K.L.:
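Take this structure first; my questions come after.
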Amino acid sequence: CINTDYMRARLDYFGESLEICEEFGILNYINLHEDFDEHLVLQFYATVHFHTDKRAVTWMTKDKVLTSSWADFAILLGLRDYGDLMTVDDDAQVFRLSYMDRPMKPSALSHLLIQGRGVPGESKHLQKTWHIMHRIFRNTVLPRVGNFDQIHGRLIDLMVVSFDMVGKGKKLDIMDILWNEIHEVILKRHVPIFGSLIMKLIVHAWVKKKLPLELLDNDTPLIAHSVKDLNHNKHLSPLIPNDEAYNTEDEENDPAFELP
(Lines give C-alpha, C1' and ligand atoms only; values in the text may rest on other atoms or scores of the structure.)
Protein backbone atom coordinates (compact mmCIF):
# COMPACT_ATOMS: atom_id res chain seq x y z
CA CYS A 1 0.00 0.00 0.00
CA ILE A 2 1.46 3.35 -1.06
CA ASN A 3 0.77 6.54 0.90
CA THR A 4 -0.47 8.73 -1.94
CA ASP A 5 -1.18 11.63 0.44
CA TYR A 6 2.54 11.67 1.22
CA MET A 7 3.24 11.83 -2.51
CA ARG A 8 0.72 14.64 -3.07
CA ALA A 9 2.44 16.69 -0.38
CA ARG A 10 5.68 16.47 -2.42
CA LEU A 11 4.55 17.19 -5.96
CA ASP A 12 7.93 18.61 -6.97
CA TYR A 13 9.31 15.07 -6.73
CA PHE A 14 6.30 12.76 -7.14
CA GLY A 15 4.07 14.93 -9.35
CA GLU A 16 4.72 13.24 -12.70
CA SER A 17 4.39 9.75 -11.19
CA LEU A 18 1.06 10.69 -9.62
CA GLU A 19 -0.17 11.94 -13.00
CA ILE A 20 0.77 8.60 -14.57
CA CYS A 21 -1.02 6.67 -11.81
CA GLU A 22 -4.10 8.83 -12.30
CA GLU A 23 -4.02 8.37 -16.09
CA PHE A 24 -3.68 4.59 -15.66
CA GLY A 25 -6.55 4.52 -13.14
CA ILE A 26 -4.51 2.91 -10.37
CA LEU A 27 -4.42 5.63 -7.70
CA ASN A 28 -7.11 4.02 -5.54
CA TYR A 29 -5.71 0.55 -6.14
CA ILE A 30 -2.19 1.32 -4.92
CA ASN A 31 -3.78 2.88 -1.81
CA LEU A 32 -5.80 -0.24 -0.85
CA HIS A 33 -5.06 -1.48 2.65
CA GLU A 34 -6.01 -4.69 4.46
CA ASP A 35 -4.27 -6.65 7.22
CA PHE A 36 -4.43 -10.36 6.47
CA ASP A 37 -4.42 -13.82 8.00
CA GLU A 38 -1.50 -15.77 6.53
CA HIS A 39 -3.17 -19.15 7.09
CA LEU A 40 -6.33 -18.15 5.25
CA VAL A 41 -4.37 -16.71 2.33
CA LEU A 42 -2.23 -19.85 2.05
CA GLN A 43 -5.34 -22.03 2.20
CA PHE A 44 -6.78 -19.98 -0.65
CA TYR A 45 -3.72 -20.66 -2.79
CA ALA A 46 -3.72 -24.35 -1.85
CA THR A 47 -7.36 -24.89 -2.82
CA VAL A 48 -8.31 -22.30 -5.44
CA HIS A 49 -9.91 -23.49 -8.67
CA PHE A 50 -10.01 -21.24 -11.75
CA HIS A 51 -13.20 -21.66 -13.75
CA THR A 52 -12.66 -22.07 -17.48
CA ASP A 53 -16.09 -21.11 -18.77
CA LYS A 54 -15.98 -17.69 -17.11
CA ARG A 55 -13.66 -15.63 -14.97
CA ALA A 56 -14.46 -16.90 -11.48
CA VAL A 57 -12.67 -18.68 -8.64
CA THR A 58 -13.74 -21.23 -6.04
CA TRP A 59 -11.70 -22.06 -2.94
CA MET A 60 -11.85 -23.37 0.62
CA THR A 61 -11.79 -21.13 3.68
CA LYS A 62 -11.77 -23.15 6.88
CA ASP A 63 -14.28 -25.93 6.04
CA LYS A 64 -16.42 -23.76 3.75
CA VAL A 65 -16.48 -23.66 -0.04
CA LEU A 66 -16.50 -20.06 -1.28
CA THR A 67 -16.75 -18.67 -4.78
CA SER A 68 -16.61 -15.30 -6.49
CA SER A 69 -16.79 -14.01 -10.02
CA TRP A 70 -13.81 -11.92 -11.10
CA ALA A 71 -16.22 -9.10 -11.89
CA ASP A 72 -17.39 -9.03 -8.25
CA PHE A 73 -13.78 -9.05 -7.07
CA ALA A 74 -13.08 -6.10 -9.38
CA ILE A 75 -15.99 -4.12 -7.93
CA LEU A 76 -14.68 -4.88 -4.43
CA LEU A 77 -11.34 -3.31 -5.43
CA GLY A 78 -12.95 -0.35 -7.19
CA LEU A 79 -11.92 -1.69 -10.59
CA ARG A 80 -13.49 -3.34 -13.63
CA ASP A 81 -12.97 -6.79 -15.12
CA TYR A 82 -12.85 -6.78 -18.91
CA GLY A 83 -12.80 -10.57 -19.23
CA ASP A 84 -10.52 -12.79 -21.28
CA LEU A 85 -11.21 -10.99 -24.56
CA MET A 86 -11.72 -7.26 -24.80
CA THR A 87 -14.05 -5.60 -27.27
CA VAL A 88 -12.79 -3.03 -29.75
CA ASP A 89 -14.23 -0.30 -27.54
CA ASP A 90 -12.48 -1.73 -24.47
CA ASP A 91 -9.19 -1.94 -26.36
CA ALA A 92 -9.41 1.77 -27.10
CA GLN A 93 -9.67 2.52 -23.38
CA VAL A 94 -7.56 -0.14 -21.66
CA PHE A 95 -4.13 -1.72 -22.02
CA ARG A 96 -2.88 -5.00 -20.57
CA LEU A 97 0.24 -7.14 -20.49
CA SER A 98 0.65 -10.14 -22.78
CA TYR A 99 0.92 -13.38 -20.81
CA MET A 100 1.01 -15.42 -24.02
CA ASP A 101 4.61 -14.42 -24.74
CA ARG A 102 7.79 -14.78 -22.73
CA PRO A 103 8.74 -11.70 -20.66
CA MET A 104 10.81 -9.07 -22.42
CA LYS A 105 14.57 -9.05 -22.04
CA PRO A 106 16.24 -6.44 -19.78
CA SER A 107 17.57 -4.62 -22.85
CA ALA A 108 14.00 -3.42 -23.49
CA LEU A 109 14.47 -1.05 -20.52
CA SER A 110 17.33 0.89 -22.13
CA HIS A 111 15.25 3.98 -22.97
CA LEU A 112 14.06 4.24 -19.35
CA LEU A 113 17.60 4.75 -18.03
CA ILE A 114 19.32 8.05 -17.31
CA GLN A 115 21.22 8.93 -20.47
CA GLY A 116 24.70 7.43 -20.47
CA ARG A 117 24.22 5.58 -17.21
CA GLY A 118 23.16 2.26 -15.83
CA VAL A 119 22.73 -1.29 -17.04
CA PRO A 120 19.39 -2.45 -18.51
CA GLY A 121 17.65 -4.66 -15.98
CA GLU A 122 18.97 -2.73 -12.98
CA SER A 123 16.79 -0.16 -11.21
CA LYS A 124 19.57 2.01 -9.81
CA HIS A 125 19.86 4.44 -12.72
CA LEU A 126 16.30 4.56 -14.01
CA GLN A 127 15.06 8.03 -14.87
CA LYS A 128 13.50 9.65 -11.79
CA THR A 129 9.86 9.17 -12.77
CA TRP A 130 10.41 5.54 -13.77
CA HIS A 131 12.47 4.85 -10.69
CA ILE A 132 9.41 5.95 -8.68
CA MET A 133 7.02 3.96 -10.88
CA HIS A 134 9.20 0.88 -10.44
CA ARG A 135 8.86 1.18 -6.66
CA ILE A 136 5.09 1.64 -6.96
CA PHE A 137 4.68 -1.30 -9.34
CA ARG A 138 6.96 -3.57 -7.34
CA ASN A 139 5.03 -2.99 -4.14
CA THR A 140 1.48 -3.09 -5.50
CA VAL A 141 0.82 -4.16 -9.09
CA LEU A 142 3.51 -6.86 -9.39
CA PRO A 143 4.91 -7.54 -5.90
CA ARG A 144 8.33 -9.18 -6.07
CA VAL A 145 10.86 -10.53 -3.61
CA GLY A 146 14.62 -10.86 -4.01
CA ASN A 147 17.26 -8.45 -5.24
CA PHE A 148 15.72 -4.99 -5.28
CA ASP A 149 18.34 -3.80 -7.79
CA GLN A 150 17.05 -6.17 -10.44
CA ILE A 151 14.03 -5.73 -12.72
CA HIS A 152 12.99 -9.03 -14.20
CA GLY A 153 10.09 -11.07 -15.54
CA ARG A 154 6.76 -9.37 -16.15
CA LEU A 155 7.95 -6.31 -14.28
CA ILE A 156 10.06 -5.48 -17.33
CA ASP A 157 6.97 -5.78 -19.51
CA LEU A 158 4.97 -3.57 -17.17
CA MET A 159 7.63 -0.86 -17.13
CA VAL A 160 8.14 -0.84 -20.91
CA VAL A 161 4.45 -1.01 -21.84
CA SER A 162 3.58 1.68 -19.28
CA PHE A 163 6.28 3.97 -20.66
CA ASP A 164 4.79 3.57 -24.15
CA MET A 165 1.23 4.18 -22.91
CA VAL A 166 1.83 7.47 -21.10
CA GLY A 167 -0.27 10.22 -22.65
CA LYS A 168 -2.61 7.87 -24.54
CA GLY A 169 -5.41 8.10 -21.98
CA LYS A 170 -5.71 4.34 -21.42
CA LYS A 171 -6.28 2.53 -18.12
CA LEU A 172 -4.08 -0.34 -16.92
CA ASP A 173 -6.06 -3.59 -16.70
CA ILE A 174 -5.20 -4.53 -13.11
CA MET A 175 -7.75 -7.37 -12.94
CA ASP A 176 -6.12 -9.15 -15.89
CA ILE A 177 -2.76 -8.90 -14.15
CA LEU A 178 -4.22 -10.30 -10.91
CA TRP A 179 -5.88 -13.19 -12.75
CA ASN A 180 -2.69 -14.19 -14.53
CA GLU A 181 -0.30 -13.57 -11.64
CA ILE A 182 -2.35 -15.60 -9.12
CA HIS A 183 -2.62 -18.35 -11.71
CA GLU A 184 1.17 -18.34 -12.19
CA VAL A 185 1.79 -18.53 -8.43
CA ILE A 186 0.05 -21.90 -8.49
CA LEU A 187 1.32 -23.28 -11.80
CA LYS A 188 4.93 -22.17 -11.34
CA ARG A 189 5.04 -22.42 -7.52
CA HIS A 190 5.97 -18.79 -7.05
CA VAL A 191 5.92 -17.06 -3.68
CA PRO A 192 2.26 -16.29 -2.77
CA ILE A 193 1.49 -12.60 -3.29
CA PHE A 194 -1.45 -10.19 -2.98
CA GLY A 195 -2.15 -11.27 0.62
CA SER A 196 -4.14 -8.15 1.43
CA LEU A 197 -6.27 -8.43 -1.74
CA ILE A 198 -6.95 -12.12 -1.20
CA MET A 199 -8.02 -11.32 2.36
CA LYS A 200 -10.50 -8.74 1.06
CA LEU A 201 -11.92 -11.37 -1.29
CA ILE A 202 -12.17 -14.02 1.46
CA VAL A 203 -13.98 -11.70 3.88
CA HIS A 204 -16.31 -10.45 1.15
CA ALA A 205 -17.28 -13.97 0.03
CA TRP A 206 -17.62 -15.12 3.67
CA VAL A 207 -20.00 -12.30 4.53
CA LYS A 208 -21.90 -12.75 1.26
CA LYS A 209 -22.54 -16.35 2.32
CA LYS A 210 -23.96 -14.98 5.60
CA LEU A 211 -21.33 -16.70 7.75
CA PRO A 212 -20.35 -15.11 11.08
CA LEU A 213 -17.07 -13.22 10.88
CA GLU A 214 -15.87 -14.56 14.23
CA LEU A 215 -15.53 -18.00 12.63
CA LEU A 216 -12.71 -16.60 10.49
CA ASP A 217 -10.60 -15.89 13.57
CA ASN A 218 -7.57 -18.18 13.89
CA ASP A 219 -6.51 -16.74 17.25
CA THR A 220 -3.29 -15.55 15.63
CA PRO A 221 -2.27 -11.95 14.95
CA LEU A 222 -2.99 -10.64 11.49
CA ILE A 223 -0.02 -9.68 9.32
CA ALA A 224 0.05 -5.91 9.12
CA HIS A 225 -0.26 -4.53 5.61
CA SER A 226 2.04 -1.56 5.98
CA VAL A 227 1.45 1.84 4.39
CA LYS A 228 4.65 2.98 2.71
CA ASP A 229 6.04 6.49 2.36
CA LEU A 230 8.26 6.29 -0.71
CA ASN A 231 11.72 7.69 -0.16
CA HIS A 232 12.68 11.01 -1.75
CA ASN A 233 15.82 9.70 -3.48
CA LYS A 234 18.52 11.63 -5.24
CA HIS A 235 19.24 10.78 -8.87
CA LEU A 236 22.24 11.24 -11.10
CA SER A 237 22.21 13.69 -13.99
CA PRO A 238 22.69 12.46 -17.57
CA LEU A 239 26.31 11.55 -18.18
CA ILE A 240 28.05 14.44 -19.93
CA PRO A 241 31.69 15.64 -19.85
CA ASN A 242 32.74 16.91 -16.40
CA ASP A 243 29.46 15.66 -14.91
CA GLU A 244 29.87 15.16 -11.17
CA ALA A 245 28.13 12.12 -9.70
CA TYR A 246 26.42 12.45 -6.34
CA ASN A 247 24.61 10.30 -3.84
CA THR A 248 22.67 7.22 -4.97
CA GLU A 249 21.02 5.38 -2.12
CA ASP A 250 21.35 1.66 -1.56
CA GLU A 251 17.90 0.44 -2.61
CA GLU A 252 18.23 -2.76 -0.62
CA ASN A 253 18.02 -0.60 2.50
CA ASP A 254 15.07 1.38 1.17
CA PRO A 255 12.01 0.62 3.36
CA ALA A 256 9.82 1.53 0.40
CA PHE A 257 10.68 -1.92 -0.97
CA GLU A 258 9.36 -3.90 1.99
CA LEU A 259 6.61 -6.08 0.59
CA PRO A 260 3.29 -6.55 2.41
Side-chain angles (χ1 to χ4, degrees), residues 1-33 77-79 92-97 104 106-144 148-152 154-174 177 226-240 243-251 253-259:
C1 176
I2 304 297
N3 186 350
T4 52
D5 289 336
Y6 178 88
M7 295 175 66
R8 288 190 181 95
R10 295 158 179 81
L11 291 178
D12 58 327
Y13 183 75
F14 294 111
E16 188 173 351
S17 299
L18 278 170
E19 289 177 2
I20 292 173
C21 290
E22 185 171 3
E23 180 185 1
F24 289 176
I26 64 173
L27 267 180
N28 290 334
Y29 172 78
I30 67 174
N31 211 23
L32 289 174
H33 177 268
L77 302 180
L79 299 168
Q93 302 175 48
V94 179
F95 71 95
R96 55 174 48 166
L97 304 185
M104 297 179 189
S107 58
L109 293 163
S110 298
H111 55 297
L112 277 71
L113 296 173
I114 298 170
Q115 185 179 356
R117 298 189 183 275
V119 176
E122 295 185 1
S123 64
K124 190 174 183 180
H125 291 146
L126 287 169
Q127 297 168 28
K128 182 189 77 172
T129 296
W130 294 98
H131 189 278
I132 297 168
M133 292 306 300
H134 172 245
R135 285 185 280 163
I136 292 172
F137 287 156
R138 184 162 188 154
N139 278 284
T140 59
V141 180
L142 285 177
R144 291 292 184 264
F148 298 137
D149 287 332
Q150 298 296 316
I151 310 174
H152 50 82
R154 296 294 172 194
L155 195 52
I156 295 177
D157 295 35
L158 180 58
M159 292 286 288
V160 173
V161 173
S162 295
F163 180 89
D164 292 338
M165 286 294 163
V166 170
K168 296 185 178 179
K170 291 190 175 186
K171 307 298 183 186
L172 174 60
D173 191 349
I174 293 289
I177 291 175
S226 58
V227 180
K228 298 175 177 63
D229 296 340
L230 295 180
N231 282 357
H232 191 302
N233 293 342
K234 291 183 179 180
H235 304 273
L236 294 174
S237 301
L239 188 60
I240 56 177
D243 181 39
E244 182 179 354
Y246 64 96
N247 181 42
T248 55
E249 299 186 28
D250 181 359
E251 292 174 358
N253 294 324
D254 183 352
F257 276 111
E258 294 177 3
L259 293 173

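Sequence positions, counted from 1, serve as the residue numbers for this chain. What you see is a predicted model, and the numbers here were worked out from it, not measured in a lab.
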K.L.:
Give the minimum heavy-atom separation between S17 and M7, together with the two atoms involved.
P.N.:
CB-CE, 4.4 Å

K.L.:
Could you work out, with salt bridge (charged side-chain N to carboxylate O under 4.0 Å, His left out) as the rule, every residue matching R8, not counting sequence neighbours?
P.N.:
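R8: salt bridge (charged side-chain N to carboxylate O under 4.0 Å, His left out) contacts with D5.
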
K.L.:
To the nearest 0.5 Å, what is the distance between CZ on F95 and CE on M165?
P.N.:
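Between F95 CZ and M165 CE, I get 6.5 Å after rounding to 0.5 Å.
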
K.L.:
Quick one: side-chain contact (heavy atoms from CB on, under 4.5 Å) partners of V166, sequence neighbours excluded?
P.N.:
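Scan of V166 (side-chain contact (heavy atoms from CB on, under 4.5 Å), adjacent residues dropped) gives I20, E23, F24, W130.
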
K.L.:
Taking side-chain contact (heavy atoms from CB on, under 4.5 Å) as the test, write out the residues that go with H111, two or more places apart.
P.N.:
V160, F163, D164

K.L.:
Evaluate L172 against I177 for side chain to side chain contact (heavy atoms under 4.5 Å, CB included), listing each step before the verdict.
P.N.:
CA-CA 9 Å; L172 174 60; I177 291 175; 4.0 Å; yes

K.L.:
Looking at every heavy atom in both H131 and S123, which two are closest together, and how far apart are they?
P.N.:
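Answer, listing the atom of H131 first, then S123: CD2-O, 3.2 Å.
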
K.L.:
List the residues meeting ring pair (Phe, Tyr, Trp, His ring centres under 6.0 Å) with H152, not counting sequence neighbours, and say none if there are none.
P.N.:
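Partners of H152 by the ring pair (Phe, Tyr, Trp, His ring centres under 6.0 Å) criterion come out as none, since no residue qualifies.
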
K.L.:
Who are the side chain to side chain donor-acceptor pair (under 3.5 Å) partners of T129, not counting sequence neighbours?
P.N.:
E16

K.L.:
Going by the rule ring pair (Phe, Tyr, Trp, His ring centres under 6.0 Å), which residues pair with Y13 if we only count those two or more places apart in sequence or in a different chain?
P.N.:
H232, H235

K.L.:
Which heavy atom in Y6 sits nearest to a heavy atom in L230, and how many Å separate them?
P.N.:
CE2-O, 3.2 Å

K.L.:
Looking at residues at least two apart in the chain, or sitting in another chain, which of them share a salt bridge (charged side-chain N to carboxylate O under 4.0 Å, His left out) with R96?
P.N.:
D173, D176

K.L.:
Roughly how far, to the nearest 0.5 Å, is the NZ atom of K228 from the NE2 atom of H33?
P.N.:
9.0 Å

K.L.:
Would K128 and I132 count as a side chain to side chain contact (heavy atoms under 4.5 Å, CB included) if you check the C-alpha gap in whole Å, the side-chain angles of each, and the deciding distance to 0.1 Å?
P.N.:
CA-CA 6 Å; K128 182 189 77 172; I132 297 168; 4.2 Å; yes

K.L.:
Considering all heavy atoms of both residues, which atom of N231 and which atom of F14 are nearest to each other, and what is their separation?
P.N.:
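So the two residues come closest at O-CZ, 3.8 Å.
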
K.L.:
Can you give me the closest heavy-atom contact between P106 and P120, atom names plus distance?
P.N.:
O-CB, 3.2 Å

K.L.:
Run the side-chain contact (heavy atoms from CB on, under 4.5 Å) test against I30 and tell me which residues pass, sequence neighbours left out.
P.N.:
I2, T4, C21, I26, L27, I136, T140

K.L.:
Decide yes or no on side chain to side chain contact (heavy atoms under 4.5 Å, CB included) for I114 and L126, but give the supporting numbers first.
P.N.:
CA-CA 6 Å; I114 298 170; L126 287 169; over 6 Å; no

K.L.:
Using the rule side-chain contact (heavy atoms from CB on, under 4.5 Å), only one of L155, L109, D157, L97 pairs with M104; which is it?
P.N.:
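So the option named by the test is D157.
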
K.L.:
To the nearest 0.5 Å, tell me how far R135 CZ sits from N139 CG.
P.N.:
9.5 Å

K.L.:
Not counting sequence neighbours, which residues clear side-chain contact (heavy atoms from CB on, under 4.5 Å) with E122? List them please.
P.N.:
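Partners of E122 under the side-chain contact (heavy atoms from CB on, under 4.5 Å) test: V119, Q150.
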
K.L.:
Identify the heavy atoms of M133 and M159 that sit nearest to each other, and give their distance.
P.N.:
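Answer, listing the atom of M133 first, then M159: C-SD, 4.4 Å.
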
K.L.:
Can you check whether V141 reaches L158 side chain to side chain, under 4.5 Å on heavy atoms?
P.N.:
yes

